[in-house]
Amino acid sequence: MALVYGAFPLPNLQRRHRDLSFRFFFSDFLVQLGPPKPSPSKCPCRDWKFSVRTNAVYTEASHGSAVAPWKEKGNLSSDLDDISILNERIRKELGKRQGLRAGNKAVNSTEVEKYIKTVKQQQQLGLQKLKGDNKDKGGIGYKVDPYTLESGDYVVHKKVGIGRFVAIKYDVSKSSSDPTEYVFIEYADGMAKLPVKQAARMLYRYNLPSETRRPRALSKLNDTSAWERRRVKGKVAVQKMVVDLMELYLHRLKQKRLSYRRTPAMAEFVSQFPYDPTQDQKQAFIDVEKDLTERETPMDRLICGDVGFGKTEVALRAIFIVVSAGKQAMVLAPTIVLAKQHFDVISERFCSYPHISIGLLCRFQKKSEKEEHLSSIKNGDLDIIVGTHALLGNRVVYNNLGLLIVDEEQRFGVKQKEKIASMKTSVDVLTLSATPIPRTLYLALTGFRDASLISTPPPERVPIKTHLSAYSKEKVLSAIKFELDRGGQVFYVLPRIKDLEEVMEFLEQSFSHVTIAIAHGKQYSKQLEETMKMFSLGDIKILICTNIVENGLNIQNANTIIIQEVQQFGLAQLYQLRGRVGRADKEAYAYLFYPDKSLLSEQALERLAAIEEYRDLGQGFQLAERDMGIRGFGSIFGEQQSGDIGNVGVDLFFEMLFESLSKVDEHRVISVSYKDAQFDVNITPRLSSEYISNINNPVELINEAERAAESDIWSLMQFTEQLRRQYGKEPHSMEIILKKLYVRRMAADLGIRRIYASGKKVIMTTNMSKKVFKLMTEAMTSDIHRNSLTYTGAEIKAELLLELTDEQLLNWIFQCLAELYASLPALVKY
Ligand SMILES: Nc1ncnc2c1ncn2[C@@H]1O[C@H](COP(=O)(O)OP(=O)(O)OP(=O)(O)O)[C@@H](O)[C@H]1O
C-alpha cells in the first residue's frame, strides 16, 4: 500500500529563479552549438506530485519481528513505514561512529568553542603559509589551465557538470568580428564553447593526470538538475568528513591521562643518535615530546614523511619516554619482514639500556615461544613488543600499555584499523606513514589532526638515478655487475611470484659465485625471515622478490633496484619500491623495465615517465602533490573517499574540502535540550485495549519510550526496534506516539525550539544559522519539502497548500524533519 499525503507546496518560485540564472549563465559564457534539444518536460505540477514511498525497509524477515495482530483503523502495512526508514538511516549514519555516539552527549560547548577557536587560529597560520607558497600562482587554485588539457580529458564546470574536453580553437563571437580562442567541451546533449579566459576560471579536472577513471555519465547542458544533485551530494559528503574528523578530535580531547615527565635520561638517549637530525625531524621530535609531556590527552599523531627520511627515530624517542616511565610500548608493522626489521633497529638503538626488554611476536613462532612472550607481555616483563597484527588479537593482554606505534596503518585490514581506533582513546598512538601528504593539504588541515611532516631528506642523500627503458638482458646484467663490483647488493622486483624462479635461473648462470635468493609473501615465514636476515647482513647479494619489499625496508648496502614489468605496478607502489635504495650516502640506481614499448598505452608510458622525471629528492613530494594527494588524504581521513571524489571529480572535491575546512565554524548546529523542544500539534491517540493487554506494562513502556527519546536518537531507534521485535509492528496509535517522540527528538537535535501550525503554515522556531539552513535544504531529497520551506532568521516556515489534519500534519513534519536530519552528520553539533 502506498502512503499518500496531502501536502502540496506552492508553485516553485525559487526553482524558476534558478532556471533563469542558468539561462543567463549560458547566454553570458557558454554558447550551445547544434540544434537545441527540447528541455525535459517541465510540467508545472511536477513538484506537486503526491509523496508515494515505495522503498520498504521494515520487514519481518529483516528484523525478525513477531507478526502484529493489531487491526486498528489506519494501521500501516508493515513494509511501508516512516520510522523504519528513518531508523535504518540512523543506524547507517551513526552505527559506524560508535565511539562518537557515546561521547557526543557529554561534549561541553565551552570546550568546543575553545577548540574551534584554536583550530581556526592554527588553520589561519597554515593558510597564510599556503598563500606565501603560492604567491606566484595567486593563491590556492584547483582550476585547470585549459592549455594543459588533452583531447578526451574529462573536465568539470562548476555550474554545468562533467564534460569531455575536445579542443581549443579560434572562433568568432557574436559581439565582435575578431576571432577569439574558445575551449570546446562535449556534453551529453551537445557541444559547448567557452572563452579560454572563462574556462581558466571555471574548469576543473575530473581526474588526476595519471588516472583514467570514467565518470558515470556526461552532464547535460540543458538540464543541470542531475549535476546540481551530484554537486550537493559531494559538498555534503565533504562536510561530513570534516565534521567526523573534528568530532573524533573532540572525543579524544575528553580522554585524560597523566602527562609524562621530562627526564635527563632523554638527553642521553638523544645524544646516541648518530646523525644530525634534519629540521623537520627536529620539529617532529618537539611535537611528539610535547604531546607526551605537556598534554593530558592521549597522543594521536601522524608522522608523515617520504621513504627513508627518518621517521623511525621519532618513534624511538617516543618509545623511550614511555618506557622510561614504566609503561609498555607496542610497535605494529604490516608485515613480518618489517616487524623483524623494526625489532632489529630497536634492539640496536636500545642496546645500552639492558634493563629495557624487547620482544618480537609473530604468528609463526613456535607455540612455546609464543606462550612465553604472551606471559611476559601480561606480567610486564617485556617493555617493547614488536609484531604484526597478531599483537591486536584477544590473547595479547598487556600489563601496562602506554604507547602504540603503527607503521603504515593503511596496510592493515578494516577490523584491525577499528581495533587501532578503539585503542586511541586509552593509549598514546603514533602513526608512521610514508605516503606523502601534499603540503597544501597538510597546511589546510593544520588544527584538525595532529601531524608532523618530514619533507626534507637526511643531508647526505643523493638522488636515486632512475632509468626507464624496455627490458634488456644486457642492461640488467651490467647494472647488477656494477653494484656487486662496488660491494653492494641488489633488489630484483617482479610483480608475480611465478616469474621469480625464471629470473633466478637466468641470474645464476651469469653470477654463479654470488648468493642469490627469492623472497615473497607465500613463503614460510621462517624461511622468509631467514632470507631477509641474510640479505640485511649482506650474506645474500641479490634478492629476487615481489613487492613484499615495498614498504619500509631499510638495507643501506642495497643500492640498486631492478623492477621488471614496471607497468604492472601503481605509481605510488613504484615510488615506494624505489625508496628501498638510496638510504645511505651512496649513489643509488633504479632500473625500471617494461617489456616492449608497443605493448604500452601512451598513458601508461607517460605515467612511468613521471617517476623518471621526479627523481630528485624532495621532488617525490611534487609528484605526490598530485598523484598521491588522495592517498595522503586517506591517511588523514582514515579511508579513501573514492565514491565521493567520483561524483564531482578530484579537483572540485579538493576545492570543496578546503572551503569546508576553512568554514567549519559556520556550519554548526546548537541543539536544544529535549525538554525545551516543544511540539504543539494536538494529537493524543489512545492505545487500543488489544495492544494494552498484550504488552506487559503499558505505562512503563510509554515512560521508557520517553526516556529513550530524551536520551538521544540512537536510544529511541533501539527502543522502537526492540519494541517491534518483541510485539511486532505497533498499531497506528502507538506509531503516532512514537512519531511524536521522534519529532521532538529530531527538533531538539536540529536546534528547533518549537513547532506549531497556523492555518496552512507550519512554523519552526530555531536558532539555526542561514548557512546551516541552506546546507540542510540543499541536501534534502524531496522537492516537496524543500520547496515549501523558507528561512526568516528566527524561524523556518513551511507554506502548505491545504490545511492538514493533525495527523497529516504530524506525518508531514516527521518527514520534513527526517529529511533535514539527514544532513546533521555534516554539521558540527553542540
Ligand atoms: N638525520 C639523518 N641523517 C642521516 N641519516 C639518517 C637521519 N635520520 C635517519 N637516518 C637514517 O636514514 C635511514 C632511513 O631512516 P628511517 O628508516 O627512519 O626512514 P623512514 O622514514 O622510516 O622510511 P620508510 O618509510 O622507508 O620506513 C636509516 O638508516 C636512518 O638511520
Side-chain angles (χ1 to χ4, degrees), residues 269-288 301-320 331-351 386 405-411 430-437 451-464 488-489 491 493 532 535-538 547-559 561 572-586 588 590 617-618 620-621 624 628 631-632 635:
F269 184 78
V270 167
S271 69
Q272 289 163 5
F273 183 53
Y275 311 104
D276 278 342
T278 61
Q279 211 45 47
D280 286 349
Q281 274 176 316
K282 275 188 201 156
Q283 188 56 49
F285 298 148
I286 293 172
D287 293 343
V288 170
R301 182 169 291 277
L302 176 73
I303 305 291
C304 178
D306 214 338
V307 282
F309 278 22
K311 297 180 288 291
T312 314
E313 179 63 15
V314 184
L316 294 175
R317 293 189 186 185
I319 294 175
F320 187 82
V331 180
L332 200 58
T335 62
I336 297 172
V337 174
L338 274 182
K340 177 72 175 64
Q341 181 181 290
H342 281 310
F343 174 74
D344 293 342
V345 169
I346 297 170
S347 303
E348 198 188 321
R349 184 74 174 85
F350 282 80
C351 66
V386 189
I405 306 280
V406 188
D407 192 12
E408 298 299 335
E409 188 177 357
Q410 74 275 13
R411 294 192 60 195
L430 193 63
T431 312
L432 311 180
S433 170
T435 305
I437 292 177
S452 308
L453 206 62
I454 303 188
S455 53
T456 41
E460 300 91 35
R461 291 291 148 79
V462 271
I464 302 164
Q489 294 161 271
F491 285 105
V493 185
M532 294 316 295
F535 188 60
S536 67
L537 291 174
N547 65 346
I548 189 168
V549 296
E550 183 185 329
N551 287 92
L553 210 59
N554 185 39
I555 294 170
Q556 299 207 345
N557 195 42
N559 280 308
I561 186 163
Q573 240 178 346
L574 284 177
Y575 184 68
Q576 288 283 351
L577 280 170
R578 185 177 60 173
R580 292 313 102 217
V581 296
R583 298 173 72 89
D585 47 7
K586 246 184 176 180
L617 287 165
F621 262 62
M628 279 189 264
R631 287 179 113 221
S635 45

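For this chain, numbers begin at 1 and follow the sequence in order. For ligands, and for the atoms within them, numbers begin at 1 and follow the listed sequence.
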Sub-4.0 Å heavy-atom contact, P277 with ligand 1: yes
Option with minimal heavy-atom separation from atom 19 (O) of ligand 1, where the choices are G310, G305, C304: G310
Part of D407 within contact of ligand 1 (heavy atoms, under 4.0 Å): neither
Evaluation steps, side chain to side chain donor-acceptor pair (under 3.5 Å), between R301 and T431: CA-CA 6 Å; R301 182 169 291 277; T431 312; over 6 Å; no
Closest heavy-atom pair and its distance - I303, K311: O-CD, 3.7 Å
Non-hydrogen atoms of V386 and A339 that approach each other most closely: CG1-O, 3.4 Å
Distance in Å, L453 CG paired with S433 OG, rounded so as to fall on 0.5 Å steps: 10.0 Å
Any F285 side-chain heavy atom under 4.5 Å of V314 side chain: yes
Atoms of ligand 1 close to T312 [distance to a heavy atom under 4.0 angstrom, numbered from 1]: 16 (P), 17 (O), 18 (O), 22 (O)
Nearest non-hydrogen partners of F491 and V581, listed with the distance: CD1-CG1, 3.9 Å
Residue Q556 vicinity, atoms of ligand 1 by number, heavy atom under 4.0 Å: 13 (C), 28 (C), 29 (O)
Ligand 1 contact by R580, heavy-atom criterion under 4.0 angstrom: yes
Polar atom proximity, E408 to ligand 1 (N or O, under 3.5 Å): no
For F309, the ligand 1 atoms whose distance to one of its heavy atoms is below 4.0 Å: 19 (O), 21 (O)
